[in-house]
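On a predicted model such as this, the values are computed, not experimentally measured, just so you know.
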Amino acid sequence: MPQLIVHSADGRRAEVALKDRPAWIGRSRENEVPIADGRASRKHCAVEPGQGAWWVVDNGSSNGTLLNGKLVERARLEPGDLIEIGSTRIWFDRVDDAAEATRTMIAPASPREERGRIDLLRLQRTARAVIRELDPQKLFGLILDHAIDTVQAERGFLLLRGEGPRVEIAASRSFSGDEVRVTELDISRSLCARVLQTGQAVCAVNAQEDERLRDVESISILGLRSVLAIPLRDRDEVLGALYLDNRLARRAFDSDDLRMLEALADQAAVAIRNARLFAQTEQSRREVEESRRRVEALNAQLEVIVRGQTVELENLREAVRARQALGTKHEYREIVGRSPAILQTLRLLDRVVESEVPVHICGESGTGKELVARAVHAYGPRRAGPFVSENCAALTETLLESELFGYVKGAFTGADKPRKGLFELAHKGTLFLDEVGDMSPGMQRKLLRVLQEGEVRPVGGVEPIKVDVRILSASNRDLAAMVETGEFREDLFYRLRVLHVRLPSLRERKEDIPVLVASFLDREAKRSGGRPLRLAPGVLESLLRYDWPGNVRELENECMRMTALATEVVEADVLSDQVRGYVPRGPDIGSPDDIRDLNVLVEQVEVGEIRKALALHGSNKTRAADALRISRFALQRKLEKYGIAAEGDDPAADPPAGT
């Protein structure tokens, strides 16, 4: 038969037998178990049967219901479980109904037999409770709760032996279940030390008159009446001691209490050992897990370092291969393309970048004139200095003058403080003037004076400022023709055009379109964190067929459009209307200036077809030569002539002729 053993906050104890219906617990007198506890609700919780077991169910109470120190809403009860509501402690227990009936039928039990039965049930309840708890701090409190309840002590302390002579109080309880305040922690430490040293229990029914405690001064100083001190033995080792006392009543404890506490202490010692082993195991597991995480983190860092070094090494190798393939001194990674037209430009840049004289870069809009200017600066002798650029077509003459030369405070309305011009900012570096052909005649005259004298005079200023700047200029207009028509100063033209670099249009280097498209799509994929798009059949043909009047800039914008509209594969319908619907114009006789060099054309056609044949046949020279309708020997000579290296070039890759 299940029952509840209720210990009220005021020290009263009651046993309530449970029947086959819910037993309500709370402040209301209508409850089966009424409790006078300020922290209890009127109908706080219920203990009810169900599914062959008993359950504690919280009724939405204000302060909650604790089961073995844990807040629960509904939980299954086992013999020895402790329900706590405020300061009220309620033990759930189960009495053997058959044994109870047999005992009743045989004869009424004597008080000593009844106590023995109750002590046995308490010991069983205690053993079940402490063995299940693996948290050391909760276990210490649980052991003290059971010990105080067993012998009805006023106070209880659980002491654990530390290193050397040190002894620490692991837990303390009063009869009401509260922790003993620091000011009340006075105990007979000499008595506890004796128990820990000898491993023998001490039970003093009148400590003031006990001959064994005559030399223990703290007994009389503290005014102790009844004392129980039980060693916690684990095999041959004394782990600590249970200390219980009563400062008011004599003969509060007897030999039966001593016997019960010794049995409880044995169970408690085993539970403490198990809890410590579990804690050590958990600590070891956590240390192993932490070590594993640290090793994984170090491996990840090492992998990043190795990957970075691998990428750097591969980039270095790629740069070497690129320079070898280009036949140039520098790799010019920023300039994408390997067509004969662009290779000719890069070889010219090798000679241009080494000097410090002005360079004029001409070409159609969108061909990458600023990119070439940055390359001239980056690989030239002034690469440690600043690179400053300005678009001359974007500003009026007045604004361009103040932008290039700077101004002093008060030079014009709004000039509340002096400002350095771009010439000063580019000192010891490079100044790139884009669209220089759109300068006004007055601005051309002022720029010429700066180039001649090597000094600038800020707007509104008097004192000139010496500057050391390399000038790079660019224009999509023919400056030589503008000189003929008087639109551009001849003397400035020769100052700017000491070295001349012409950039080919994209129409002249269409074989670079696949490489450029791949580069732009890779860049957009890195920006978005995705994978590069793939081109559906026919898309590349449309891109190659289009004339690209906007040159590389227009192609870049088209690739950005692809990335925005396509998912994984770029279909033809994603292309802009002008690219998708472009129809090449028929042959146009044009002017004598339009006549192309046949040698260059032949070279471009041969290089393009050879690359296409090698790509289609996996760099197999024999099959590529058959597709081109030439001998393998003739193909090899052309590869050497144009400096073309087949990817994965390996003599063993080609089967013998005739196979």
Side-chain angles (χ1 to χ4, degrees), residues 53 55-58 63-84 92 125-147 157-173 177 179 182 196 231-242 264-314 526 528-531:
W55 304 77
V56 59
V57 182
D58 186 76
N63 296 306
T65 302
L66 293 176
L67 178 64
N68 297 327
K70 298 179 182 178
L71 199 64
V72 297
E73 293 183 359
R74 175 183 172 85
R76 180 170 177 164
L77 291 170
E78 297 289 344
D81 281 347
L82 173 62
I83 303 170
E84 294 179 87
F92 176 77
R125 181 183 66 198
T126 301
R128 294 191 192 103
V130 300
I131 290 299
R132 289 202 304 266
E133 184 58 67
L134 293 175
D135 186 319
Q137 292 303 319
K138 293 181 180 179
L139 175 62
F140 300 152
L142 195 60
I143 292 170
L144 269 184
D145 286 336
H146 280 274
F157 300 88
L158 193 150
L159 298 95
L160 292 179
R161 172 175 283 169
E163 296 181 1
R166 189 168 60 88
V167 177
E168 62 178 13
I169 298 177
S172 61
R173 288 285 193 278
E179 185 175 354
V182 176
L196 291 173
L232 296 170
R233 288 187 295 264
D234 180 27
R235 299 184 178 93
D236 296 330
E237 180 185 2
V238 178
L239 303 179
L242 276 174
L264 188 150
D266 290 340
Q267 296 288 343
V270 174
I272 291 173
R273 181 190 64 190
N274 292 341
R276 285 178 168 177
L277 288 175
F278 179 78
Q280 292 173 358
T281 303
E282 280 296 295
Q283 178 66 22
S284 299
R285 186 190 63 78
R286 286 193 294 268
E287 290 176 356
V288 170
E289 182 65 21
E290 181 63 26
S291 298
R292 185 185 64 80
R293 284 196 294 266
R294 285 200 299 269
V295 169
E296 288 180 352
L298 291 173
N299 285 339
Q301 294 176 4
L302 183 60
E303 183 179 353
V304 170
I305 294 173
V306 171
R307 190 185 302 119
Q309 291 176 343
T310 302
V311 170
E312 290 178 2
L313 183 59
E314 184 58 33
K526 290 177 181 178
S528 61
R531 299 178 61 183

Are [X] and [Y] close enough for a salt bridge, meaning some N to O gap below 4.0 Å?
X	Y	result
E237	R233	no
E296	R292	yes
R173	D145	yes
R76	E78	yes
R286	E290	no

Drop me the distance from [X]'s [atom1] to [Y]'s [atom2], to the nearest 0.5 angstrom.
X	Y	atom1	atom2	answer
T65	E73	OG1	CD	9.5 Å
D81	N68	CG	CG	4.5 Å
R294	S291	CZ	OG	4.5 Å
Q283	R276	CD	CZ	15.0 Å
Q280	E287	CD	CD	10.5 Å
I83	L66	CD1	CG	10.5 Å

Would you say that [X] contacts [Y] through its side chain, given a criterion of any heavy-atom pair below 4.5 Å between the two side chains?
X	Y	answer
R161	V238	yes
L142	H146	yes
L139	L134	no

Heavy-atom pair with the smallest gap, counting every atom of [X] and [Y]:
X	Y	value
A265	P231	CB-O, 3.6 Å
F157	L144	N-CD2, 3.6 Å
A75	L67	CB-CD2, 3.6 Å
A268	I143	CB-CD1, 3.5 Å
F140	L160	CZ-CD1, 3.5 Å
G141	A171	N-CB, 4.2 Å

Does any N or O in the side chain of D58 come within less than 3.5 Å of the main-chain N or O of G64, such that one atom is a donor and the other an acceptor? no
Tell me whether R74 contacts the main-chain N or O of V56 through its side chain, where contact means a donor paired with an acceptor under 3.5 Å. no
R273: which residues meet the side-chain hydrogen bond (donor to acceptor under 3.5 Å, both in side chains) condition with it, sequence neighbours left out? D234
By side chain to side chain contact (heavy atoms under 4.5 Å, CB included) - contacts of D135 (at least two apart): E133, Q137, K138
